[in-house]
Structures are given as C-alpha cells and as structure tokens.
Amino acid sequence: VVFAVAVVYLATNLLVGLLPARRQSKTTSGFVAGDRTLGLLVMYFITGATIFSAFAFLGGPGWAYSRGAAAFYILAYGCLAFLPFYFLGPRAARLGRKFGFVTQAEMVAERFGMRPLAGLMAIVSVLGFVPYLALQIEGAGYVLSSVTRGHVPAWLGGAIVYGVVLIYVSRSGVLGVGWTNTFQGIFMMILAWGLGLYLPYALYGGVGPMFREIAATRPELLRAPGLAADGEPWAWGEYSSAVLISIVGFSVWPHLFMKAFTARDDRTIRRTVVLYPTFQIFLVPLYLIGFAGVLFPSAPDTPDQILPHMLMQMEIPAVLVGLFCAGALAASMSSGDAMAHAAASIAVRDGLVEAVGLRRDEATQRRWIRIGVLLMMIASYLLAIAYRGDLVALLLYAYGPIGQFAPVVFATLYLRRVTGAGVFAGLLAGSAVTVGLGLRPDLRPWPIHAGVYGLLVNVALLILVSVLTWRGLTTRDREFLRVAESPGPESGLESRS
Amino acid sequence: MVARRTALRNALLGLWVVVCLAALVWPVYAKLGASIEPRVLGLPWSLIWVVGCCCASFVAVLLYHLTGDDERS
C-alpha cells in the first residue's frame, strides 16, 4: 500500500510536470525563464517549495532530534533571508526584460563586460549546487528505503525518484518545475502540520506534555544554541555565524535568484517576498516531529531518518505512511528539480555560451541544457551514495561558496565605483578561502562559519582592487544602472541570444 | 514629500532589520531568548522567541510593502 501511494504520487507529479510543456515558447527564454510570465501563485510556491527541501523535511526533524535548539537557526535565518530579494529582484527583473538575461552570472558579466566572470560564477554555482542536489537525492533514497523496510535500497530509491524529475524538467523546463512545486508545496504543508501535531499527541498526549518530558530528561536540547554534532554544547559563534551566512547567501542562490527573470512584473516579486514567512512557519511542525523522537524507545540509523523510523515503528495505517512518503518525496523533488534545471542552465548559458564563447542557436542551447540536467544529476547522485554525513551539515557547507555571490550581486545592481577586476578578485579569493576552511575547519582562527571568513576577504578585495583599477563610469555602466534604477517594467525586449 | 516618505520607510525598515538580526543571534538571543521557560502554548521559550521574530518580521515587511508605491497605486 505504501509503495502504491508513492507510485501514484510520482505519476501525478509526472503528469503535472509534463502538461506545461505545450504552453511555453521553444526559446531558451521559454525553457529557462518561462517567457517571463509567472504570476504570484506559482512564484510563491516555486520560491517556497524550492527552499523547503529534503533538508527541511528530513534534516529539520533530524537536527531537532539529535541537536535540539540548534535546528532553530533554520527558522531564524528565514526571518530576514528573503528580504534582500525585495530590492534586488525587481532590479534584476528589469535588466532581464531589457537585455534578455536568464541567469544571474549573465547579468554580472554584462555589467562589467567580463566573460571570465560568468565562468567563475558558473564554477562556484556548481560547487554549491552539487552538494545541495546530492542532499535531495539522498533524502529521497532514505524515504523509499525506510518505508519499504529496505526492500528498495537507498541508491535505487534516489534513482527512481530523480528519474521522474529528469523527465519533466527536461521536457517542460521552469514551467514544469513551477507547477509541480505548486502541487508539491500544498501537499507538504498539509502533511507537515498533520504529522507535526499527530506524533506528539500519539506519543506523549500533546505538544505541551512532550516538551515537559523533554525539559525534565534532556533540558540541554531545549536551550539555545543546542548541541553540536558530537553532542557537546554548540558554540554561540557557530550558531550566530550560521544564521548570518545563511541570510547573506539565501537571496543569491542562483536557482532562486533566477526566478526574478521568470516573474510577470516587479509587484509579483515584491509580494512573493512579503508572503514568504508564511511558508517559513511550516518549519515549526517539522521541529515538533523531531522532538517527538527524542524519547522514542528506539533510535534510527542516522538522525535524518527519525521521521520514517518512527512511522514504521508505530501502529498507524499504511495509507498514512504512504502519504508521508509522498510528502517527503515532494520536499526532495520540489527543490531538486529547480536545482538541476538551474545548474544546467547556468553551466550552459554562463559557462559554455558566455565564458567560453560557444554561441549557438536556441534549439542547440536547449539540447545542451537537457544534457546538463542529466550530467548534474549523475554527479550529485554519485556524491549522494558516497556521502555519510547529515543533510543539514551538507547544506550549511553549500551556503559558504554561494554566500560569496552576495557582494557581487549587490555591487552589480547598486554600486558605481566598482570594477570587473575587483569583483573577480573578491569572488575568487572569497570562494577559495571558504572552500579551503570548509575542508580544514581546524585552520579557522575562531569557531565561526568558513563562509564568513570568505566574505571578509571577498569584500576587502572587491573594494581594494576596485579603487586601484577604477577608470570612471563607462557607457555600458550608465545604461545598465539606468535600466536597473528605472521604475516600472521595461517594455522593449532585446534578447541577446 | 514622496521622497521624505520613502526615506522614512527605508530608515524604519533598516532599523527593523538591525533589531531583528540582533534578536536572532548572540548576545541578545543568548540573554533574552535561549531559556526553556516560560513556555507558551507548550513550546519552549527558545523556540517561541524565534517564531515571534519571524511573525514580527512578516508584519514589518508587510507594512513596508503596503505603504509603498506598488500597492498604493
């Protein structure tokens, strides 16, 4: 029954994902930016559901279960994380309509007239995307493996689910991602609140009694900042810097930022940002699920499996377990599809077309992006089956390199006295420091996120090199900033491709 | 007049961002929000504090948006 519910759910997703293919144009802009026609409903779910992934649905309860209040950092950064997009998004959208941009790096490279910058941003994006997508595949594998009691191994579960994603993303592009995310987002919200209230009630008699028992037996889990991975108290520096780097990096995640180019108008982008915290509150029931596992009689193999583990141990109807399975798959797929689509679009548009200079017709670019989706999934899949850590740690690492885009995007859209050399030097050095200290955390002078050190180096070099290489505003700079600052949608489309 | 109103809105939003950010990290969160008690609706204070910041942030951004040109027009 459980497997049947999961199969029906996957088939429904496939159908919802394939239908929009007929409605979009055969251009790269149609495939990557949905012909810039997305309204509030789809924008709300495409941003919300893209963000709420296996990381939130499995990793959130996993952290609440094993590290307690440390998990609250996810809700904390969400309070402010999308706000920069309120200002950056409409500016980027105006530029996209005017110049035909469909990716973040195209926009940056155009401002500074530096093609290698697009290539560098494509490389850093892929460095951030591969672990993030791996996390989604790993989550999907955990779910199918748990609910079939190991009959479907995790590696096969991940392959089945992402086979479905591959089909609808390749066929329908961003519209397929948008409409499946709307369907999956509604499904996830219902499931999360249902399970978040049901499990504490079934196991402890309610939310209040559950926290009373945890406060009496494991109070260290309920005091911020919770516990580190080794079970010792987490450092305030680690907690606070995790919140900070996530706020800085959130709006400039390339797959999220690219959605500025899909929106119908500026007002749609702003309303999406305003409504975003209503999606964020959906983390609360996920925490309740994790805390419900603290005093559960048995323990899962890894903390991320606490939710499926509890469901399989409890006497509950198989249909409910099947629905959970579908909800968790929704969480994984709704992020994984957007990431695979964005990563492939970036690799082709920013890497091959912009940086390498392989300018080809629209049909060829679309075919390359489809091949890119396949390659990204294979790379992520291989990482997923090799990785042995937890889901949230994987995402927290990915925020380091991606956070380095924040000064770049801000400088591109707002600052006059910056140069391409300054942006390039800052991004290169900041990313290198972040990746280096991420791999060797023992080299950090203080226990704060590696991405914060990278940001300091990034901003310092951006300013210093820009001062040294500034030769005055070019005509391109003036035209670029004029369009970014002009209110209201631009009507003329001047596609570059 | 319009420029003054925009400047005031931006200043108030900026102030809110600073206050909210401070409330979510060390040392303000550590001093005021990190404890288990008092519990509200059964939830520990450490969680209620963050949920409260999130709700307040929603209201602040909503007010900023509703008083802007987008919605007023």
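Residue numbering restarts at 1 for every chain, and letters A, B, ... go by the order of the sequence lines.
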Engineer: Using heavy-atom distances under 4.5 Å, tell me whether A:P225 contacts chain B through its side chain, its backbone, both, or neither.
Structural biologist: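 For A:P225, there is no contact with chain B at all, as no heavy atom is under 4.5 Å.
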Engineer: Please classify the contact between A:L244 and chain B as side chain, backbone, both or neither, with a heavy-atom cut-off of under 4.5 Å.
Structural biologist: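 Looking at A:L244, just its side chain touches chain B.
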Engineer: List in chain and number order the residues that pass salt bridge (Lys or Arg N to Asp or Glu O under 4.0 Å) with A:E232, two or more places apart in sequence or in another chain; answer none if no residue qualifies.
Structural biologist: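 Salt bridge (Lys or Arg N to Asp or Glu O under 4.0 Å) list for A:E232, sorted by chain: empty.
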Engineer: One pair to check against side-chain hydrogen bond (donor to acceptor under 3.5 Å, both in side chains): B:Y29 and A:S240. What are the steps and the verdict?
Structural biologist: CA-CA 9 Å; B:Y29 183 38; A:S240 301; over 6 Å; no
Engineer: So what's closer than 4.5 Å to chain B heavy atoms on A:L83: side chain, backbone, both or neither?
Structural biologist: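 Interface part for A:L83: side chain.
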Engineer: Heavy-atom distance under 4.5 Å to chain B: side chain of A:Y287, backbone, both or neither?
Structural biologist: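 Contact with chain B: side chain only.
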Engineer: Taking A:L413's backbone N and O only, do any of them form a donor-acceptor pair with A:R91's side chain (distance below 3.5 Å, no angle check)?
Structural biologist: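 Yes; judged by distance alone, with no hydrogens or angles, the pair exists.
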Engineer: Evaluate A:F250 against A:Y276 for ring pair (Phe, Tyr, Trp, His ring centres under 6.0 Å), listing each step before the verdict.
Structural biologist: CA-CA 13 Å; A:F250 187 86; A:Y276 171 72; 5.7 Å; yes
Engineer: With a 4.5 angstrom heavy-atom cut-off, which part of A:I247 approaches chain B: side chain, backbone, both or neither?
Structural biologist: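 For A:I247, the contact with chain B is made by the side chain alone.
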Engineer: Does any backbone or side-chain atom of B:L13 lie under 4.5 Å from a heavy atom of chain A? Answer side chain, backbone, both or neither.
Structural biologist: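 Contact with chain A involves the side chain of B:L13 alone.
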Engineer: How are the rings of A:F282 and A:F279 set relative to one another: parallel (under 30°), tilted (30 to 60°) or perpendicular (over 60°)?
Structural biologist: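 The arrangement is perpendicular - the two ring planes meet at more than 60°.
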Engineer: Heavy atoms only, distances under 4.5 angstrom: which of B:S57, B:G33, B:C54, B:C53 has the most pairs with chain A? Name it, please.
Structural biologist: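 Winner by heavy-atom pair count: B:C54.
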Engineer: Relative to chain B, which segment of A:V207 carries a heavy atom at a distance below 4.5 Å: side chain, backbone, both, or neither?
Structural biologist: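 Both parts, heavy atoms under 4.5 Å.
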Engineer: Determine the option with the most heavy-atom pairs under 4.5 angstrom with chain B, choosing from A:A71, A:G208, A:A224, A:G226.
Structural biologist: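 Winner by heavy-atom pair count: A:A224.
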Engineer: Please rank B:A30, B:S35, B:A56 by heavy-atom pairs under 4.5 Å with chain A and give me the top one.
Structural biologist: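 Highest number of pairs under 4.5 Å: B:A30.
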Engineer: Please classify the contact between A:L222 and chain B as side chain, backbone, both or neither, with a heavy-atom cut-off of under 4.5 Å.
Structural biologist: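 Answer is both: backbone and side chain atoms of A:L222 are under 4.5 Å from chain B.
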Engineer: Which bit of A:Y239 comes within less than 4.5 Å of chain B, counting heavy atoms only: side chain, backbone, both or neither?
Structural biologist: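 For A:Y239, the side chain is the part near chain B, not the backbone.
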Engineer: Taking the six-membered ring of B:W45 (Phe, Tyr or Trp), confirm whether the NZ or CZ of B:R39 is under 6.0 Å from its centre and within 45° of its axis.
Structural biologist: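 Output no; distance or angle outside limits.
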Engineer: Is the closest basic N to carboxylate O distance between B:E37 and A:R223 below 4.0 Å?
Structural biologist: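 Answer for the salt bridge query: no.
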Engineer: So which of A:L80, A:T278, A:L275 has the biggest tally of heavy-atom pairs under 4.5 Å with chain B?
Structural biologist: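 Among A:L80, A:T278, A:L275, the one with the most close pairs to chain B is A:L80.
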Engineer: Looking at B:L43, B:L47, B:L62, B:V51, which one has more heavy-atom pairs under 4.5 Å with chain A than the rest?
Structural biologist: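 Most heavy-atom pairs under 4.5 Å with chain A: B:L47.
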Engineer: Strictly by modelled atom types, are A:S251 and A:Y86 linked by a side-chain donor-acceptor pair under 3.5 Å?
Structural biologist: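 Absent: no donor and acceptor within the cut-off.
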Engineer: Under 6.0 Å between the ring centres of A:Y77 and A:F72?
Structural biologist: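 When the ring centroids of A:Y77 and A:F72 are compared, they turn out to be at least 6.0 Å apart.
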